[in-house]
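Heavy atoms only: backbone and side chains are in, while hydrogens, waters and symmetry mates are out. Quick caveat, the model's predicted, so the values are computed rather than measured. Below, read A as the first sequence line, B as the second, and so on, with proteins coming before strands; counting in each chain starts at 1.
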Amino acid sequence: MHASRSHLPAPGDADALLRLVAACRAPAHLPSLRAAHARLLSLLHPSHPSAAPARVKLIQAYASCSALPAARAVLESSCSLYHGAAAAAATVCFNVLIRALTTASLHRDALRLFASMRPRGPAWFPDHYTYPLALKSCAATKDLLLGLQVHSAVARLGLDANRYVAHSAISMYARCGRPEDAYRVFDGMQHRDVVSWNAMISGFSRAGLFERAVDVFKEFVALQCSLPDAGTMASILPAMGSAKAEDILFVRKAFDEMQFKELISWNAMLAIYANNRYHVKAVELFLRMENDGVEPDSVTLATALPPCGELSAFSVGKRIHEIIKRKRMLPNSILENALMDMYASCGCLKDAREVFDSMSSRDVISWTSIVSAYGKHGHGREAVDLFEKMLGQGLEPDSIAFVAILAACSHSGLLDVGKRYFDSMTCRYHITPKAEHYTCMVDLLGRAACIGEAYDFIRTMPIEPNERVWGALLQACRIHSNMDIGLVAADSLFRLVPEQTGYYVLLSNMYARAGRWADVTLVRSVMADKGIKKLPGASIVELGDRVHTFHIGDRCHPQSEMIYQKLDELLQKIRGMGYNPEVEATLHDIEEEDKEGHLSVHSEKLAIAFLLINTSPGTPIRVTMNLRICGDCHLAAKLISTITSREIILKDTNRIHHIVQGACSCGDYW
DNA sequence: ATAGGGTTAG
C-alpha cells in the first residue's frame with residue numbers, strides 16, 4: 001500500500017502526495033509521511049490555495065501515526081503564518097489536533113490546547129467545531145466548573161443553537177452529575193434529531209436516573225419523528241440493569257422494527273438480555289445473528305459468553321472460542337477472561353486453565369476468574385495457591401478477588417485459611433468488607449459447623465445483614481440441624497421479605513419443622529400478597545443448539561414417556577447400591593407432591609435421564625439448575641455416574657458438582 | 001478540511 005521513499009510521487013504531484021498523507025494512519029507509516037511532508041513544503045506556503053487543507057491533512061496524519069509533537073509543530077507553524085482573515089484556517093488546525101487528543105483520551109491536553117487558543121489573540125476564536133470537543137473533554141474529566149464556563153462562553157457567542165454544541169452540553173451536564181441542567185438544554189432545543197434524544201437518554205442513564213431514561217426512550221419511539229438507531233440502543237443499555245419485563249419487551253420491539261440493524265444494536269440487545277439474566281434469550285439472539293450472517297465483533301462475543309456459561313451451553317461457548325481463534329482476536333484480556341469464566345461455568349476446569357495458561361498478560365480479573373473457577377469446583381487448595389501466586393506477582397487483589405478466594409475457602413471448608421484472608425483483606429489491604437464478603441464468611445463458618453460463631457459474626461458486623469447473609473446462616477442451620485439459631489435466621493429473613501423466592505421454601509420448611517404452622521401460613525400469605533410465585537425447581541440442558549428446560553414433576557416434554565422409563569430403570573439399579581429415596585425428603589419443597597401423593601421427581605433427575613437417552617456413551621452430562629441440589633439427587637447422580645460411566649457436571653446456584661465414577665469434586669461438602 | 005449520542009470480562 002505504502003510507497004517507499006524511492007516510489008514517492010514527484011514533488012510537483014500535489015494530489016498524489018496529499019493522498020499518500022491521508023493514507024498514513026499508523027506509526028509504521030511515519031517514514032512515508034515525513035518524506036511526503038518534505039516534498040509538500042512549497043505547497044504549504046500561505047500563498048498557495050491548497051495550503052490550508054494540506055496542513056489540516058498533515059496534522060491529522062501525524063496525530064493518527066501517534067506523532068503528536070510533529071502534529072503540534074505543524075499547528076504552531078500554521079499559527080505563525082496565518083493572520084487576520086486567514087485565521088479561520090488556523091482554527092481548523094486547532095480543531096483537528098484537539099480532536100486527535102480527545103480520541104486518544106488525552107482530555108487534559110485537549111483542554112489545555114483549547115484554553116491556549118484565545119490568549120494568542122482575537123484571531124484564534126474557538127468555533128462551533130471546537131466547543132463540542134471541549135465539552136466532551138469536560139465531561140470525560142468530570143470538570144463541571146470548566147464545563148459551565150465553556151457553556152456560558154458558547155451562549156455568549158450565540159453558538160448554543162448549534163445542535164452539535166447542544167448535544168455535547170447535554171452529555172457534559174449529565175456526566176458531571178447535573179441531569180436537570182442537561183434536560184434544560186434538551187428541552188430548550190428548537191429541533192431535535194435522533195442524536196438529541198440519544199444524548200438525553202444516555203444522559204439520564206449515566207446519571208443513574210434509569211426510569212427517566214426509559215421514559216424518554218418511550219417518548220421518542222412514540223413520537224415517530226425519527227427511528228431509534230444503534231446509538232439509541234447503546235444509550236438505553238445502562239438504564240436497563242435490572243429492568244422491568246415490559247421495558248425489555250418494549251426495547252426488543254424497537255430493535256425488531258429497525259430496518260438496518262447495526263452491529264452495536266445487536267450487541268446492546270444482547271447485553272440487555274445478559275444483564276437481566278435472560279440467558280436463553282441472549283443465546284437465542286446470538287444464534288440468530290449467526291443465522292442471519294451478522295459478523296460478530298469482540299464485543300458481541302464477550303457479551304454472549306457469560307450467558308453461555310450461565311446455561312452451561314458448552315457447544316455454543318466452544319464455538320465462540322473457535323470464532324475468536326479464527327478471527328485472530330487474541331490476545332484480548334476481556335475475551336480471555338470471559339472465556340475462562342464460560343468454561344469454568346460449564347464445568348470445564350481444564351479448558352479454563354488452558355486459556356489462563358495461554359494468556360500473554362494477566363490482570364487481577366484474570367486471576368480472579370481462575371481462582372473462582374477452582375473454587376466453584378471445590379478445589380480450594382489450588383485456588384489458594386493461585387491466589388498466592390497472584391500476590392507473588394505484585395498484583396493488588398481488589399474487593400471481588402477477595403469474594404472469589406473467600407468463596408473458594410467456604411466451598412472447600414478451609415476455615416482457618418478463609419479467616420486469615422478475611423483479616424488480611426481488612427488489615428493489610430484496607431478493603432471494607434461488603435455484604436458478599438460477610439455472606440462468604442457466614443457460609444464458611446456455618447457449614448464448618450461453627451454456627452454460634454457464624455451468628456456472632458452477623459451480630460457484630462458493621463453493616464446491616466441482608467437476605468443472603470441470613471440465608472447462608474439458615475442454610476447452615478438446616479445442614480447441622482440447629483433449630484434455635486435456625487429460627488432466629490428464619491425470623492430475620494422473614495422480616496426482610498426476601499426478593500429471592502428460593503428463601504421462602506427454606507423459611508417455611510424451617511417453620512414447619514419447628515411446628516410453627518401459623519408462620520408457615522403467614523409466609524404463604526406474604527408470598528401471595530406480593531404476587532410471588534414459588535420458584536419452580538428447574539433444570540436446563542443444552543442439546544445441539546437447543547436449550548431444554550425441565551421442571552419438577554414435568555410431563556410436558558415430548559420424550560416424557562421415555563425419560564420416566566429410563567429414570568425408573570436407573571433408580572432400580574442404584575437402589576441396590578445404597579440409594580434410599582426415603583431418607584432425605586426434599587430440600588426444594590416439602591409440599592411438592594403430585595396427584596398420586598408421591599414426591600415429584602426433581603428436575604435434575606429428569607434432565608440427566610433426558611441426556612442419557614439423547615447422547616452417545618461417554619458424552620459428559622451437563623445440567624444447570626435454578627436451586628441448590630438436594631442430597632437425594634446428589635447421591636443419585638453419583639451412583640448414576642458409576643453405572644453409566646458418564647461424567648456428570650451439575651451446576652446449582654451455589655457451585656459446580658463435577659462427578660466422575662461416583663465421586664464428586666465437592667467432596668460431599670456443600 | 002473539522003463537530004454530537006453509543007456496545008464487552010471477574
How many whole angstroms separate atom [atom1] of [X] from atom [atom2] of [N]?
X: Phe260(A); N: dG6(B); atom1: CZ; atom2: P; value: 24 Å
X: Tyr173(A); N: dG4(B); atom1: OH; atom2: P; value: 18 Å
X: Phe114(A); N: dA3(B); atom1: CZ; atom2: C1'; value: 13 Å
X: Tyr164(A); N: dG5(B); atom1: OH; atom2: C1'; value: 11 Å
X: Trp197(A); N: dG4(B); atom1: CH2; atom2: C1'; value: 17 Å
X: Leu335(A); N: dT8(B); atom1: CG; atom2: P; value: 13 Å
X: Asn332(A); N: dG10(B); atom1: CG; atom2: P; value: 14 Å
X: Asp297(A); N: dT8(B); atom1: CG; atom2: C1'; value: 8 Å

Less than 3.5 Å between a donor and an acceptor, one on the side chain of [X] and one on the base of [N], is that the case here?
X: Asp229(A); N: dG5(B); answer: yes
X: Asp363(A); N: dG10(B); answer: no
X: Asn162(A); N: dG4(B); answer: no
X: Ser369(A); N: dG10(B); answer: no

Give the nucleotide from the list [options] with an atom nearest to the side chain of [X].
X: Arg99(A); options: dG4(B), dT7(B), dG5(B); result: dG4(B)
X: Ile334(A); options: dA9(B), dT7(B), dA1(B); result: dA9(B)
X: Ala52(A); options: dT8(B), dA1(B), dG10(B); result: dA1(B)
X: Pro53(A); options: dA1(B), dG6(B), dA9(B); result: dA1(B)
X: Val195(A); options: dG10(B), dG5(B), dT8(B); result: dG5(B)
X: Ile264(A); options: dG10(B), dT7(B), dT8(B); result: dT7(B)
X: Leu133(A); options: dA9(B), dA3(B), dT2(B); result: dA3(B)
X: Ala234(A); options: dT7(B), dG4(B), dG5(B); result: dT7(B)

Given [N], is OP1 or OP2 found less than 4.0 Å from the side-chain N or O atoms of [X]?
X: Lys136(A); N: dG4(B); value: yes
X: Thr303(A); N: dT7(B); value: no
X: Arg192(A); N: dG4(B); value: no

Pair [X] + [Y], salt bridge at N-O below 4.0 Å:
X: Arg184(A); Y: Glu180(A); answer: no
X: Arg112(A); Y: Asp109(A); answer: yes
X: Lys318(A); Y: Asp351(A); answer: yes
X: Asp15(A); Y: Arg19(A); answer: no

Lys327(A) NZ: over 12 foreign heavy atoms closer than 6.0 Å: yes

Phe286(A) six-ring face occupied by Arg319(A) cation (under 6.0 Å, within 45°): no

